[in-house]
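Whatever order the structure lists them in is the order used to number ligands and atoms, beginning at 1. Note that the numbering runs from 1 along the sequence shown for the chain.
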Amino acid sequence: MILRTFTGMSMTIRDISRLVRLKSTLSSYFDETGKTGVILKSMSTDIFENLAFEDWIHDHVNLQNRSVLFLWRNAPAVVIGRHQNPWQECNLGLMRRMGIPLARRRSGGGTVFHDLGNINMTFFTSKKKYDRHKNLSVVTGALKELRPNLDVQATDRFDILLNGHYKISGTAAKLGRAAAYHHCTLLCSADRTTLSSVLKSTCEGIKSNATPSVPSPVKNLLDEDPTLDSNTIMEAIASRYNVEFGFDSPVITIDPSNETLLPGIHKMTHELRSWEWVYGRTPKFSISTDFVVDEMSDINVTLNIEIKNGIVESCLLDIPHDWLHPETLKEFCSLLTGSKFCPNETAVLIASFMRANHESNELTTKIHNLFEKVVSVM
Ligand SMILES: Nc1ncnc2c1ncn2[C@@H]1O[C@H](COP(=O)(O)OC(=O)CCCC[C@@H]2CCSS2)[C@@H](O)[C@H]1O
């Protein structure tokens, strides 16, 4: 079965049999049933599949007279805004070591951390009905219904604060020509240690006009009230959504990797996963930084590098000529120029460079040290 019901509110047998019988796409299902409000919940915890599903709904569902609430959670991931610079926003080295993926979403705004202790909600409407205040009041209303003493309030910048100070929810939005979506997070029991360590850039000397994030002190709802749990919170949000908007939708569980139901979804997911989208879409930037390349003799190096579309446009290294021959240095820099600003690609290039230039062990060690330092900013 393509869709299955979830929670107390159940999908009608007629709805299900229609879907099974038609083996239809989700958009034709919407048209068939004529429902004006639909609540969907993802069975995937893959950030790229879930972001692709958002795109799919936005592009394929007629949202003129219809609203959709999408509820989803992800395995650990860092999600940057459309116009952001990942090198400026997060600790990419640590994320690689921890196996935490980086995703770039299509909406603007800042960088957030997701894991299974964080709920995401996407409110799809026509552009005319787009109303972030109303959507956030669904969230705060649901929380107050569950625990009347919780002090949760939406702010002017559409964050939700707990006790007037701690951020528990961040918002971003995408406005299309006729349709729109507003999506937000909700911190229930996320790993705050990982959150703060991955959202700390290690890269110094970046110059860019990418959108910067606005860091805030964060808290989990379950730290305030350990008797809460994220499934209960999700159900409360779903029923509050129905009440607030006058709908009667069950929560329909959906598989965002189902190509039959969602024609074209695989291609959309693939694009979101690609290096070209995640890193290559970074607005042009430069890095100017100093490092010691040879601790023994205290050799100081200045690196000036310019990156456009994720590709090294120019690379200048200021190194004492008696440490590395200017010709070798020139070759090293021209090797990087035109390549992806990425440790894997650089490692391959440097390895072949070292094979071709194996004059002495001393030179190999120097190139290796230089490579390690340059790669540490990637
Ligand atoms: N999961 C989560 N929820 C709330 N706040 C967070 C979270 N992770 C980090 N932060 C805090 O917010 C700031 C960034 O705030 P800033 O205001 O810059 O950015 C946002 O809030 C963007 C929200 C995007 C929501 C989308 C919904 C579905 S896909 S992602 C960060 O430095 C932390 O201090």
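- Distances below 4.0 Å separate heavy atoms of Arg157 from the following atoms of ligand 1: 17 (O).
- The contact set between ligand 1 and Leu195, taken as ligand atoms under 4.0 Å from a residue heavy atom, comprises 8 (N), 9 (C).
- Numbered from 1 in the order shown, with element, the atoms of ligand 1 that lie under 4.0 Å from a heavy atom of Ser216 read 34 (O).
- Both the sub-6.0 Å distance and the 45° axial angle are satisfied by Lys134 relative to the ring of Phe245.
- Residue contacts with ligand 1: Met121 is excluded, as none of its non-hydrogen atoms falls under 4.0 Å.
- Ligand 1 places these atoms under 4.0 Å from at least one heavy atom of Thr171: 22 (C), 23 (C).
- Annotation for ligand 1: atoms under 4.0 Å from non-hydrogen atoms of Asn118 are 1 (N).
- Note that Lys340 lies in the cation-pi zone of Trp275, set by a 6.0 Å cut-off to the ring centre and a 45° limit from the axis.
- Residues Tyr279 and Trp87 place their aromatic rings such that the two centres sit under 6.0 Å apart.
- With hydrogens left out, the protein atom closest to atom 4 (C) of ligand 1 is Thr185 OG1, 3.3 Å, a heavy atom.
- Summary of contacts: the protein heavy atom closest to atom 8 (N) of ligand 1 is Phe113 N, 3.1 Å.
- In the model, Arg240 has no side-chain atom that pairs as donor or acceptor with a side-chain atom of Ser137 under 3.5 Å.
- Ring to ring, Phe70 and Phe53 are close: their centroids are under 6.0 angstrom apart.
- The contact set between ligand 1 and Cys184, taken as ligand atoms under 4.0 Å from a residue heavy atom, comprises 27 (C).
- Shortest contact from atom 25 (C) of ligand 1 to any protein heavy atom: Gly170 O, 3.6 Å.
- For His133 and Phe158, the ring centers are positioned less than 6.0 Å apart.
- Heavy atoms of Trp72 come nearer than 4.0 angstrom to ligand 1 in at least one pair.
- When each of Ser201, Ser213, Ser208 is checked for a side-chain hydrogen bond (donor to acceptor under 3.5 Å, both in side chains) with Gln88, only Ser208 meets the rule.
- Taking every heavy atom of Lys167 and a limit of under 4.0 angstrom, the matching atoms of ligand 1 come to 4 (C), 5 (N), 12 (O), 13 (C), 14 (C), 15 (O), 16 (P), 17 (O), 20 (C), 21 (O).
- Distances below 4.0 Å separate heavy atoms of His114 from the following atoms of ligand 1: 29 (S), 30 (S).
- Considering only non-hydrogen atoms, atom 24 (C) of ligand 1 lies nearest to Arg105 out of His183, Arg105, Lys200, His182.
- Side-chain contact of Ser239 with Asn242: a donor-acceptor pair under 3.5 Å is absent, judged by distance alone.
- Nearest to atom 31 (C) of ligand 1 among the protein's heavy atoms is Thr111 O, 3.6 Å.
- Judged by distance alone, the side chains of Ser107 and Arg105 do bring a donor and an acceptor atom under 3.5 Å apart.
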